[in-house]
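Numbers for residues simply follow the sequence, beginning at 1. What you see below is based on every heavy atom in this structure, not just the backbone, and it leaves out hydrogens, waters and symmetry mates.
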Amino acid sequence: MYLRKIDIKGFKSFADHTIIDFQPGINIIVGPNGCGKSNVVDAIRWVLGEANIRNLRGQKSEDVIFNGTDNNRALGMANVEIDINNAEHIISTEFSEVAVARKLFRSGESEFYLNSSRVRLKDIHSLFTGTGLGRRGYSIIGQGELEQVLNGQGLERRMFLEEASGISKHRQQRDEVRRRITTTGEDLVRVSDLLSELSVRKLEVEQKANCARRYISLASELTELDKQVMHYEIDKLTRDMQQKHKLQQEKKDSLVIAQTKLNQWQQNWQANTKQMEELRLEIERLREEKYSLENLLNSMSGEIRLSEERIKNHEERLTTNGTDEAKYAEMLHKIGHDLNRMSNDFEEEEQKFQLRLNEYHELKLNLTAVEESIEQLNCEFEDHKLLAFDVMREETSTGNRIREIEDLTARLAEKGQRINIYIEELGNQQGRSTSELDRLQTDIEHLNRSIAQEEHHQHQLLQKKRQQAEEVALLETEFARLDMERVKIENELLGIRERQRNLLGYSSGVKYILNPANKNKFPGLTGVVGEALEVPEGMETAIEIAVGRGVENVVIEKVEQARQAIELLKQQRAGRVTFLPLDVLRVQTVPSEVLSQLLSIDGVMGLASQLVNYPPDFKLAVEYLLGRILVTRDMNVAINLLKNFSYPLRTVTLEGELFNGNGAITGGIKPNQTEGPLKRKAEENSLNLKQQQNRQALDKNRSMTQQADEKLSVLEKQLDSNIHRLTEFNMKRDMMNEQKQKTTAEQVRLANEQKAYQEQFVHIQIERDELLTEKTQLDNLQKELQQHNQQLGVELEKMKVKSDTAIRDRDIFRERCSSYQEQVDMKRQELENTKRSIEQLQQVRNSYEQSYNQCKQLHNRLMEETKSEQQKIVDIKC
């Protein structure tokens, strides 16, 4: 077997692909320092499985990868492959050539290949074990290793010899078998624990299985119940649909009845409209009659005012006539005396007559003017009356057109109202559809949120389940570790107890004495010091060095008993033993003031006898052995005491350095130091504490595992329930989506139908707006005509009033003219009479008598006329 070829790339200084061929025999590689000769050997050692990078002159695994230079970049992988000629089949494989390769990446991943097949590092080690090419083989000897082999200890040389002789392979196999046996034992313990644990969980699993079977049964039952519920819902919807159809038919019947009532109301409205037209004509007739009555009333008012004027004139004439009558009477009595004055009065009366005559002519002129104005007013009144009739006819025509427009508008409004009702109904249906869509959308969103929540919950449950499973796995791993630790602690305790049973570390004499079979041979025996001492943790080395071989001293009650025991040991040739008889044992204690002074020094722990625990029977023996030994923290404190304190005491440090009172110092490390009783007891106590902690940890782990399993079971149940709810939600969402699609299609149909009705409604509104615009124009025209008619009526009234006033003035003027003419005639008559009286006094008297009689007659006539006029006024007023 020889190395045939080595292929290197990226290993240390080999940046380029390098192949080195070797021939059978001796091959030598020469070159200056630093050219990489040692890197070839390191490459062979590395490919053969060297794991300690320090043996390859590196600090970390990436150091074997080419790190780059100024001219070459760093590589990301190191690759080494060697070809070995195995024609003699020294390597236990059927191949005559063995190719071993190793790759290392900067990420830390390492790969091994054997004849291009990927293998483990363990396979490489086992392949070259016993061939001299292993990790500890002798085939590769580096710098300084030859001197180490020649000058090394026997154990190190033994390793090379075993490798050369092929024993190392069997040793490794033996160690491997032992490890497997140990692992198998641990696995068996683990299996037993698992069986016990599974037996505990068997009932729980059975309960879970029963629950699962019951769940399957209930799930199928639930499916059947869901089907029944769906059938019930379908039947209910069918019944509701039939009821809706029936309600729709009732609504249609109600609509026919309402249509009939509407037609009847339209007929009633037309009859009322006709009746209203008749009433309007009646109002017009009554208005004409009102105008006639008002004219008649104005005429009567004029006659009343005329009669009142006549009565006033009669009263004036009566007053005048009374005055004349009195005057005539007085004149008759004074005729003789007043003849001269009559002439004067004649002149005055003549002047008055002239004034009255002038007034009479003026009244005649006013009467003519009033008659002319009355004629003009009558002409204007007739013209305005004809104009008023024309305006009234136009107003009537406008009113008829307005009523036609109102009729058309009402019909259009009715039609628009019906269309609006249809639109509102469609809008309500759309609203219901929208509400249904909103409800469905809300329900779908709610279901989506519920699904998202359930999925999130499912994700959380899966994550919790995974975490719980990981926790269970971790707990099981921790349990396995704790169980292995328990087995390890138990094995160590068994070893310690076995050594304790064998009294390892004690002399043969002490072993003989402590043998239970020889217990009765040594009366007064109290015990061995090493078995009685309880040393605090951390002080085992110090106390063990301090007590020395005194740990094997045997405490006995009396010196005579000690002598007998020694004789017995001699007879039995059982060995030598140091006895401490309590009746003759002398102890020199340290004075309290010295002890206080020592304890006040920093680093002084105290006397060894006071630092350990022991039974009361061993007090004297412990004081004898440890009463004058001082324990310090370290060597510096002990050296300081040795220099500055002269009291004769032995000092021991926690690390085991011993200072005698005379200045001698003992220290260092004992090679192949055996286990002492004190250390063994301390280790046993420590292991007992570890065992207790391990049991507590195991109990806690079992409890936590049980809780974790219970949580995992709860999570599985919650997950199953979540999956069931999620499936149910998905089914509901699919149903709602299908219903939403149907509702959306129905809403589109309703929207199209509503749009058509809205367009028709818009046309109706446009036509109605045009009619309303025309009606507004006609209303304005009618209002203007009414205002014009009212103005014409007011003007006619004013003209009528003016005419009546003028007629009344004319009658008054005529009456005044008639009265003035009568007065003028009377005055003329009076003047003529007076003149004749003057001419003929006798005739005057007769004339005055005649005048007096005429005044009487005039008074009576005026009184009758006045009564007649008053009766006329009363008749008019009544």
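- Looking at S192, its side chain does come within 3.5 Å of a backbone N or O of V189 through a donor-acceptor pair.
- Using a cutoff of 4.0 Å between basic side-chain nitrogens and carboxylate oxygens, D602 and R633 are scored as salt-bridged.
- The environment of E655 atom CD is sparse: at most 12 non-hydrogen atoms of other residues, nucleotides or ligands sit within 6.0 angstrom.
- Using modelled atom types, one side-chain atom of D63 and one backbone atom of Q59 make a donor-acceptor pair closer than 3.5 Å.
- Around the CZ atom of R106, the shell of radius 6.0 Å holds more than 12 heavy atoms that belong to other residues, nucleotides or ligands.
- Contact between V631 and A542 at its shortest, heavy atoms only, is CG1-CB, 4.4 Å.
- Between the side chains of N39 and S13, at least one donor N or O lies within less than 3.5 Å of an accepting N or O.
- The side-chain contact (heavy atoms from CB on, under 4.5 Å) with L625 is formed by just one residue from the set L533, L580, V587, I543; it is L580.
- In plain terms, the two heavy atoms of I65 and F105 that are nearest each other are CD1-C, 3.9 Å.
- Under the 3.5 Å distance criterion, the side-chain polar atoms of R102 are left unmatched by any main-chain donor or acceptor of V100.
- The OG atom of S609 lies 7.5 Å from the NZ atom of K619; values are rounded to the nearest 0.5 Å.
- The structure places CG of D187 at 12.5 Å from CZ of R180, a figure rounded to the nearest 0.5 Å.
- Note: L48 CG to R45 CZ = 9.0 Å, rounded to the nearest 0.5 Å.
- Side-chain N or O atoms of K37 include one that pairs as donor or acceptor with a backbone N or O of P32 at under 3.5 Å.
- T183 places a side-chain N or O within 3.5 Å of a backbone atom of R179 that can act as its donor or acceptor partner.
- Contact record, S61 with L104: O-CD2, 3.2 Å, taken as the closest heavy-atom pair.
- The distance from the CD1 atom of I629 to the CD atom of Q610 is 13.0 Å, given to the nearest 0.5 Å.
- Closest non-hydrogen pair, T653 versus A638, comes out as CG2-CB, 4.2 Å.
- Taking both residues in full, the closest heavy atoms of R650 and L658 are given as NH2-CD2, 3.0 Å, listed atom of the first, atom of the second, then distance.
- One finds the CG atom of L626 at 9.5 Å from the CG atom of L607 (value rounded to the nearest 0.5 Å).
- Paired with W46 under the rule ring-ring contact (aromatic ring centres under 6.0 Å, His included), one option of F11, F14, F112 passes, and it is F11.
- A donor-acceptor distance shorter than 3.5 angstrom exists from the side chain of D634 to the backbone of V637, with no hydrogens or angles considered.
- Summarising the geometry of K12 relative to D42, their closest heavy-atom pair is NZ-OD2, 2.9 Å, with the distance given to 0.1 Å.
- Within the 3.5 Å criterion, the main-chain N or O of V559 finds a donor-acceptor partner in the side chain of D583.
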